[in-house]
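This report refers to the structure that appears directly beneath it.
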Amino acid sequence: MNIQLDKHGRLKHFLSIEGLRRELLVDILDSAERFAPVGERAVKNVPLLRGKTVVNLFFEPSTRTRSTFELAAKRLSADIMNLNIEASATSKGESLSDTLRTLEAMNCDMFVVRHQNSGAAEFIANQVASHISVINAGDGRHAHPTQAMLDMLTIRRAKQNFEGLVVAIVGDVKHSRVARSEIQALNTLGVAEVRVVGPKTLIPSQVEALGTKVFHQIERGIAGADVVIMLRLQNERMQSALLPSAHEYFQAYGLTERRLKLAASDAIVMHPGPINRGVEIDSAIADGPQSVILQQVSNGIAVRMAVMAMAIGTQAIAGAN
Amino acid sequence: MDIDVNELLDEMSRNLAQNLSDAQCENPLFVGVRTGGVWIAQRLHEQLGGDGPSGELNIAFYRDDFSRIGLHPTVEPSNLPFDVNDRNLILVDDILYTGRTIRAAMNEIFDYGRPASIRLVVLVERGGRELPIQADVVGMRLSLKASEHVKLHGPDPLRLELYKAKP
């Protein structure tokens, strides 16, 4: 049984794309479409989660994910509290379960968790009181399901449907929780082909088993692709000698105008941000007409509103029965 | 029971025209509540003429039963393709029952701006109001028990169905 779902198959926690049916992913996208126009109105919130309390529980620094979760909660009229755990009680020696018990005692309804260890969000979901929903905002190298779903929404908005699409994910796939969740989501939603593109040191072994084709040459990897997803190259990878230098990485794997011409003529370019201009992507591409990087940010708010409302809604039904 | 919806619409549109002219209300904007109210709003709009497109409200995010039934699975979002500030609105729904849908619809409208006025037009008032909300123009009044229901099918043709809930 999937811990993310209640006994009727409704979303209770959102921890990973793995094990979720296509219908549920489509539900999330459809709900996000309904929430998207809220952000364009005079009053940018709806009273759906009035009186609910959401806690951003961030064990690892984050700006855009944390702030879009915060904005999503506020647009649903929930109360939100940001807890930067590094600077709080755990550094005074409080254990994780004591921190969780303390937050439960404050009558919270949802934890949004970011943690450096894979599996942390699921661990917390197993620990918390049954009325609390947990959303994974990124755990180690494991999963970042809301990022994957906002990318799916961005792709669906540009391409209408997933059938027949060729999607290339380029860069540090090995250390990327975003890539892992994207691969699962793309395959569940039924694209034609998922490619992973990068140097051998940054492609995980057995990634084919997840339903991908591996390319070590970017020119071949993005040839004919409908969607090109560039991953952020983290500086610490260079320090651990997995890569020669940022400059050489750009020479071999950076997305340039010349390379993008090899993709489909109407290909879209995505990036989860923050961008390293001139490392994984040329500025002209990041700001160019094929880039949907800023749409990804707006779509992120709508997707996060959708999963928050769905999960807290499921808990509300359980509480009412 | 056979009810001619077109006949009701003709009468509603005459009554609404009279109501608007009595109040010297000009250039009103139509707003229908999804789904049935949108059909009725479009028909009245065609018969009376008037400005611009009709607005459409999906009140799923404003319902007062979220804590009992969770997120409502509906498809189309609200769409008010005009500025509601200082405009006279005609809010249209198919069935007026408890009044909770209309409360939710008015709350949503005010999140788009501050209209000059709102009139409520409904095809059927079925009895059983729980809130102090009443319609300015009503196509047909029924006194149904809680176990009896009326439903509008459409959009073409529009058809009212009366049925009893299965015990």
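Predicted model, so just to flag it, every value in this text is computed and none were measured. Chain letters run A, B, ... following the sequence lines, proteins first and then strands; every chain starts at 1.
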Worksheet item: Only one of V38(A), V46(A), V43(A) forms a side chain to side chain contact (heavy atoms under 4.5 Å, CB included) with D111(B), so which one is it?
Response: V43(A)
Practice prompt. State which residues pass side-chain hydrogen bond (donor to acceptor under 3.5 Å, both in side chains) with R41(A); sequence neighbours excluded, sorted by chain then number.
Written response: Y62(B)
Worksheet item: How long is the span from the CG atom in D64(B) to the CZ atom in R50(A), to the nearest 0.5 Å?
Response: 10.5 Å
Response to the item:
Closest heavy-atom pair, G70(B) versus I317(A), reported as atoms and distance to 0.1 Å, is N-CG1, 3.7 Å
Fill in: Enclosure of R159(B) CZ (heavy-atom neighbours >12, cutoff 6.0 Å)
yes
Worksheet item: Would one find more than 12 heavy atoms of other residues, nucleotides or ligands at under 6.0 Å from atom CD of E7(B)?
Response: no
Worksheet item: Above 12 or not: heavy atoms from other molecules or residues under 6.0 Å from CD of E148(B)?
Response: yes
Worksheet item: Is there a side-chain contact between P47(A) and N107(B), using heavy atoms and a 4.5 Å cut-off?
Response: no
Just distance, no hydrogens or angles: give the donor-acceptor pairs under 3.5 Å from side chains in residues 305-314 of chain A, sequence neighbours left out.
unit_1, atom_1, unit_2, atom_2, d
T314(A), OG1, L11(A), O, 2.7
T314(A), OG1, M310(A), O, 2.9

Worksheet item: Counting heavy atoms not belonging to Q134(B), are there more than 12 under 6.0 Å from its CD?
Response: no
Worksheet, complete the sentence: H131(A) meets the ring pair (Phe, Tyr, Trp, His ring centres under 6.0 Å) criterion, sequence neighbours left out, with none
Worksheet item: For F123(A), does the CZ atom sit with more than 12 other heavy atoms under 6.0 Å from it, leaving out its own atoms?
Response: no
Worksheet item: Do other residues, nucleotides or ligands put more than 12 heavy atoms under 6.0 Å from E26(B) CD?
Response: no
Item to complete: Tell me the residues of residues 152-164 of chain A whose non-hydrogen atoms fall below 4.5 Å from those of chain B, in number order.
Response: none
Worksheet item: Rounded to the nearest 0.5 Å, how far does CZ of R34(A) lie from CZ of F61(B)?
Response: 5.0 Å
Item to complete: Rounded to the nearest 0.5 Å, what's the gap from CD on Q315(A) to OG on S67(B)? Could you check?
Response: 13.5 Å
